Number of protein chains: 2
Amino acid sequence: MYLKTNFIEKLRNSGLRPTKQRLKICDVLFNTDKTFHFTINDLSKIIREKVSEKISLATIYNTIHAFEKKGYLKEIAINSSQTYFDTNTSIHHHFFDEKERKLIDLENDEVEPIKIKKIIPGKKIKSVEVLVRVVSKN
Amino acid sequence: MYLKTNFIEKLRNSGLRPTKQRLKICDVLFNTDKTFHFTINDLSKIIREKVSEKISLATIYNTIHAFEKKGYLKEIAINSSQTYFDTNTSIHHHFFDEKERKLIDLENDEVEPIKIKKIIPGKKIKSVEVLVRVVSKN
DNA sequence: TAATCACTTTATAATTATTCTAAACTATAG
DNA sequence: CTATAGTTTAGAATAATTATAAAGTGATTA
Ligand SMILES: [Mn+2]
Ligand SMILES: [Mn+2]
Ligand SMILES: [Zn+2]
Ligand SMILES: [Zn+2]
């Protein structure tokens, strides 16, 4: 559990002004012990339901991208019509449930180390991500 | 090297009528010894340059989706504004060059077998794909 | 061969996620 | 408090993709 004052400091320390809107979004995203995955659409729905004052869609986009740039959120690579974000910023992998269109974390220690035998001259690896698509049994 | 007649048969055997447009797209996609990755935008550019008669964008989309459904193309999961397709339909992985926005194949035997230690109750694995993001060295 | 019909192509409109714009607002340094 | 840079906002713009519906074509049948 974080406190509002913590978010204010966190934002200030990142060079982001702690506005009403950003604090509210912090509350929705980070004031929980569980990390989670969301789309902008999910988030605006949560905000619409939970928050008294409306936050404009442009602000939601701006804020999420600001938080991503500061490393408080990760963008997850799923080819889908919508971009997914993750409040879990550790190096980890994902299951993607094709039916539910939901991501499920697959922690780094739940996958044997991935050994890549090919190299690309002049390039270095920035990240290695596994995406496991799952469907209902039978 | 395929011949046009091969494509005609291939399409007929798939229940797709061998139209002028589909044969031309087959020629662009499959009449080569190397497989490759493309976006719809790439493909329409190639067609615009190489093909005498214009093929409408709607037909390009229709055809690519028809080919994908028949298993002649794979859709590649990159979070990007555009969908990537692959004429290499084998089980394999990818490098993604962030600067060039280009995919590079990483064949299955170039990655040590991936062992996933977590299971999702009631779900079975459909595919396991590794995406290695690369950037320029130094 | 000719008629028929389901399949296909096409121009164009619609949809939708995301980004842009520019004016109003606000946090904060001085 | 004042000035200023940063932020929010409604609404417009952009762009990939999908839908529509009319015209065209391939294949089947008589
Ligand atoms: Mn982003
Ligand atoms: Mn598709
Ligand atoms: Zn995650
Ligand atoms: Zn490939």
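Naming convention: chains lettered A, B, ... in sequence-line order (proteins, then strands); numbering from 1 in each chain. Since we're looking at a predicted model, the values are computed, not measured.
Distance OH (B:Tyr84) to C1' (D:dT17): 16 Å, rounded to an integer number of Å. In this structure, A:Lys69 places its NZ atom 11 Å from P of C:dT19, rounding to the nearest Å. The interatomic distance linking B:Asn79 (CG) with C:dT18 (C1') rounds to 12 Å, in whole Å. Spacing between atom NE2 of A:His65 and atom P of D:dT8 amounts to 15 Å, rounded to whole angstrom units. In this structure, the CD atom of A:Gln82 is 17 Å from the P atom of D:dA16, given to the nearest Å. The CD1 atom of B:Ile55 sits 18 Å away from the P atom of D:dG24 (whole-angstrom rounding). Between the P atom of D:dT17 and the CG atom of B:Asp42 lies a distance of 11 Å, rounded to the nearest Å. The separation between B:Lys70 atom NZ and C:dC7 atom P is 11 Å, rounded to whole Å.
The side chain of A:Thr19 sits closest to D:dT8 out of C:dT9, D:dG11, D:dT8. With D:dT9, D:dA16, C:dT18 as the choices, the nucleotide that has an atom nearest any side-chain atom of B:Tyr61 turns out to be D:dA16. Checked against D:dG26, D:dT7, C:dT18, the side chain of A:Leu16 finds its nearest nucleotide in D:dT7. Distance from the side chain of A:Arg22 is smallest to D:dT8 among D:dG26, C:dT10, D:dT8. Looking at the side chain of A:Leu57, the nearest of the listed nucleotides C:dT18, C:dA11, D:dT8 is C:dT18.
Both A:Ile120 and B:Val132 belong to a common hydrophobic cluster when Ile, Leu, Val, Met, Phe, Trp and Tyr are linked at side-chain heavy-atom distances under 4.5 angstrom.
Of the residues listed (B:Lys124, B:Lys123, B:Lys126), the one engaging A:Glu98 in a salt bridge (Lys or Arg N to Asp or Glu O under 4.0 Å) is B:Lys126, and it is the only one.
Side-chain nitrogen and oxygen atoms of B:Lys54 include at least one within less than 4.0 Å of the OP1 or OP2 phosphate oxygen of C:dA11. Residue A:Gln21 has no polar side-chain atom (N or O) positioned under 4.0 Å from OP1 or OP2 of C:dT26.
Within 4.0 Å (heavy atoms only), B:Thr59 reaches at least one base atom of the nucleic acid. Across all strands, A:Asn62 comes closer than 4.0 Å to base atoms (heavy-atom distances).
A salt bridge links B:Lys117 with A:Glu112: at least one charged nitrogen is closer than 4.0 Å to a carboxylate oxygen. A salt bridge is defined here as a Lys NZ or Arg NE, NH1 or NH2 lying under 4.0 Å from an Asp or Glu carboxylate O, and B:Lys24 with B:Asp27 meets this definition.
The 5' end of DNA chain D is approached more closely, in terms of each residue's nearest nucleotide, by A:Thr63 than by the other of B:Arg12 and A:Thr63. When each of A:Ala58 and B:Ile40 is assigned the nucleotide of DNA chain D bearing its nearest heavy atom, the one mapping closer to the 5' terminus is A:Ala58.
By the 6.0 Å and 45° rule, A:Lys102 does not stack over the aromatic ring of A:Tyr84.
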